[in-house]
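These figures come from a predicted structure and were not determined experimentally.
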Amino acid sequence: MYLTVHQAKTYCYTGGKAFDAAKPTVVFIHGVLNDHSVWILQTRYLAHHGFNVLAVDLPGHCKSAGDAPGSVEAAADFIAALLDAAGVQTAALVGHSWGSLIALEAAARLKQRVSHLVLVGTAYPMKVSPALLEASVNHPEQAIKLVNVFSRSTLAPPPSALGPGTWVYGASMALARRVLASNAAVNVFHRGFVACDSYLGGQVAMAQITCPVLFVLGSLDQMTPPKAAQSLINAARAHEKSAQVISLPVGHNQMTEAPDQLLAALTGFLATR
């Protein structure tokens with residue numbers, strides 16, 4: 001469905017079910033050079049099992065208009081405005097990679113309006129190498145290949161994922177090219193990486209959230225290695241947050257490499273108060 005957020009047409013995938021603001025709502029936030037489709041398996045299940053889902057295309061990405069966020073903070077403001085536009089008072093936030101930082105910052109700002117926070121493939125600080133930043137501008141095809149090599153621990157998905165014979169590396173390459181081409185005005189690849197690299201508010205944000213937190217980390221993740229999430233985990237525990245950590249034996253794209261395990265982690269966590 002489409003919502004108007006900050007005077008711009010914004011697309012949210014609802015899992016094939018009509019949106020009902022009276023139901024519990026889960027907002028899914030994608031990472032750099034991704035869109036709503038990376039959550040297709042998890043969102044469809046939740047939408048057919050008692051939840052609203054809003055899997056958003058961030059502004060300036062694919063089906064959403066507006067200016068692509070140049071910072072985690074700007075994207076967090078967008079998430080707050082999205083909840084207002086949807087008429088949702090309270091929601092769970094689920095973010096992957098860059099989206100995990102956006103979810104974290106949004107949860108810190110929205111306080112009690114966020115019931116659960118799920119950080120998938122997260123890291124803090126989420127530094128990006130200067131070589132990759134440069135390549136995202138001057139050699140984007142090479143940079144996309146590098147990102148997909150480091151993001152994947154499998155070439156083919158498990159049977160429950162995208163279907164037998166699906167080439168997940170090729171599918172990810174195609175998605176990245178499509179997202180990059182969707183915005184002729186701004187290089188969303190470079191802008192998203194800069195937003196990750198420059199975000200400095202992670203530990204402060206973790207101290208301010210009021211909801212339980214779930215970390216879902218890939219033990220084979222080379223983009224955001226599990227050890228890179230430790231500062232956020234430590235910050236959550238230092239401030240007596242309810243924090244759970246689940247490690248999956250896959251790389252950075254847990255949504256397609258471990259779809260069932262990620263879904264089980266989500267449903268179990270969302271069932272807690």
Does the pair D57/K9 count as a salt bridge with the N-to-O cut at 4.0 Å?
-> no

Going by heavy atoms in the side chains, are L33 and L175 under 4.5 Å from each other?
-> no

Minimum heavy-atom distance between H190 and S136, given as atom pair plus value = ND1-OG, 3.2 Å

Spacing of L54 atom CG and L3 atom CG [to the nearest 0.5 Å] = 7.0 Å

Hey, does the side chain of S64 reach the backbone of P59 with a donor-acceptor pair shorter than 3.5 angstrom?
-> no

Identify the two heavy atoms, one from G251 and one from S153, that lie closest to each other, and give their separation to 0.1 Å.
-> N-OG, 3.1 Å

Kindly compute the distance separating CD1 (I144) from CZ (R177), expressed to the nearest 0.5 Å.
-> 6.5 Å

Do you know which of V118, N34, V38 makes side-chain contact (heavy atoms from CB on, under 4.5 Å) with H96?
-> N34

Pairs of donor and acceptor atoms involving the side chains of residues 203-222, under 3.5 Å and at least two apart or interchain, shall be tabulated with distances.
unit_1, atom_1, unit_2, atom_2, d
T210, OG1, K111, O, 3.3
S219, OG, L248, O, 3.3
D221, OD1, M223, N, 2.8
D221, OD1, T224, N, 3.0
D221, OD1, H252, ND1, 3.3
D221, OD2, T224, OG1, 2.7
D221, OD2, H252, ND1, 2.8

Between N253 and E257, does any side-chain donor sit less than 3.5 Å from a side-chain acceptor?
-> no

Does some side-chain heavy atom of M173 sit less than 4.5 Å from a side-chain heavy atom of E141?
-> yes

Trace of the side chain to side chain contact (heavy atoms under 4.5 Å, CB included) decision for N187 with L180 | CA-CA 7 Å; N187 182 330; L180 182 60; 3.6 Å; yes

Test salt bridge (Lys or Arg N to Asp or Glu O under 4.0 Å) applied to E73 and R109, step by step = CA-CA 10 Å; E73 293 84 354; R109 296 176 179 215; 5.3 Å; no

L270 side chain reached by F51 side chain, heavy atoms, under 4.5 Å = yes

Could you state the interatomic distance from CG (L46) to CH2 (W39), rounded to the nearest 0.5 Å?
-> 11.0 Å

If you look at every heavy atom in F189 and P140, which pair is closest and at what distance?
-> CE2-O, 3.8 Å

Measure up the W98 and H61 rings against each other and bin them: parallel (under 30°), tilted (30 to 60°), perpendicular (over 60°).
-> tilted

Find out whether R152 and S172 are in side-chain contact, i.e. whether some heavy atom of one side chain is under 4.5 Å from a heavy atom of the other.
-> yes

Side-chain donor-acceptor contact under 3.5 Å, R44 with T14 = no

With rounding to the nearest 0.5 Å, note down the distance linking CD in Q254 to CD in Q261.
-> 10.5 Å

Ignoring hydrogens and geometry, is there a side-chain-to-backbone donor-acceptor pair from T25 to A91 under 3.5 Å?
-> no

Spatial distance of atom CG (L262) from atom CD (Q42) [nearest 0.5 Å] = 4.5 Å

For K127 and D197 the tightest heavy-atom approach is NZ-O, 2.7 Å

Heavy-atom distance under 4.5 Å between the side chains of H30 and L58, does that happen here?
-> yes

Expected output: side-chain T122 to main-chain L119 donor-acceptor under 3.5 Å = no

Residues 227-238, side-chain donor-acceptor partners within the protein, below 3.5 Å, at least two apart:
unit_1, atom_1, unit_2, atom_2, d
Q230, NE2, N234, OD1, 3.0
S231, OG, Y124, O, 2.7
N234, ND2, Q230, O, 3.3

F193 with V137, same ILVMFWY side-chain cluster at under 4.5 Å = no

For residues L41 and M255, determine if any side-chain heavy atom of one lies less than 4.5 Å from a side-chain heavy atom of the other.
-> no

Side-chain heavy atoms of L82 within contact of V56, under 4.5 Å = yes

Would a distance-only check, ignoring hydrogens and angles, find a side-chain to backbone donor-acceptor pair under 3.5 Å from N183 to V188?
-> no

Can you tell me how far the CZ atom of F78 sits from the CD1 atom of I102, to the nearest 0.5 Å?
-> 9.0 Å

Taking the side chain from T267 and the backbone from A264, do they hold a donor-acceptor pair closer than 3.5 Å?
-> yes

Is the ring centre of F269 less than 6.0 Å from the ring centre of H116?
-> yes

Check for a donor-acceptor pair, side chain of Y199 on one end and backbone N or O of G201 on the other, with a separation under 3.5 Å.
-> yes

Could you pull out the closest heavy-atom pair between D77 and H6, with the gap in Å?
-> O-CE1, 4.0 Å

Do any N or O atoms from the side chain of T4 and from the backbone of Q7 form a donor-acceptor pair under 3.5 angstrom?
-> no

Any chance you could lay out the side chain to side chain contact (heavy atoms under 4.5 Å, CB included) test for D20 and N52, step after step, and finish with the verdict?
-> CA-CA 7 Å; D20 179 359; N52 286 312; 4.0 Å; yes

Check against side chain to side chain contact (heavy atoms under 4.5 Å, CB included), T90 and V114 | CA-CA 6 Å; T90 305; V114 176; over 6 Å; no

Of all the heavy-atom pairs spanning L93 and A103, show the shortest one and how long it is.
-> CD1-O, 3.6 Å

Can you find a heavy atom in the side chain of H36 that is under 4.5 Å from one in the side chain of F28?
-> no

Decide if atom CZ of F150 counts as having more than 12 heavy atoms of other residues, nucleotides or ligands within a radius under 6.0 Å.
-> no

Could you tell me whether a side-chain N or O of S182 sits under 3.5 Å from a main-chain N or O of V179, the two making a donor and an acceptor?
-> yes

Please step through side chain to side chain contact (heavy atoms under 4.5 Å, CB included) for the pair S97 and V32, ending with a clear verdict.
-> CA-CA 8 Å; S97 197; V32 175; over 6 Å; no

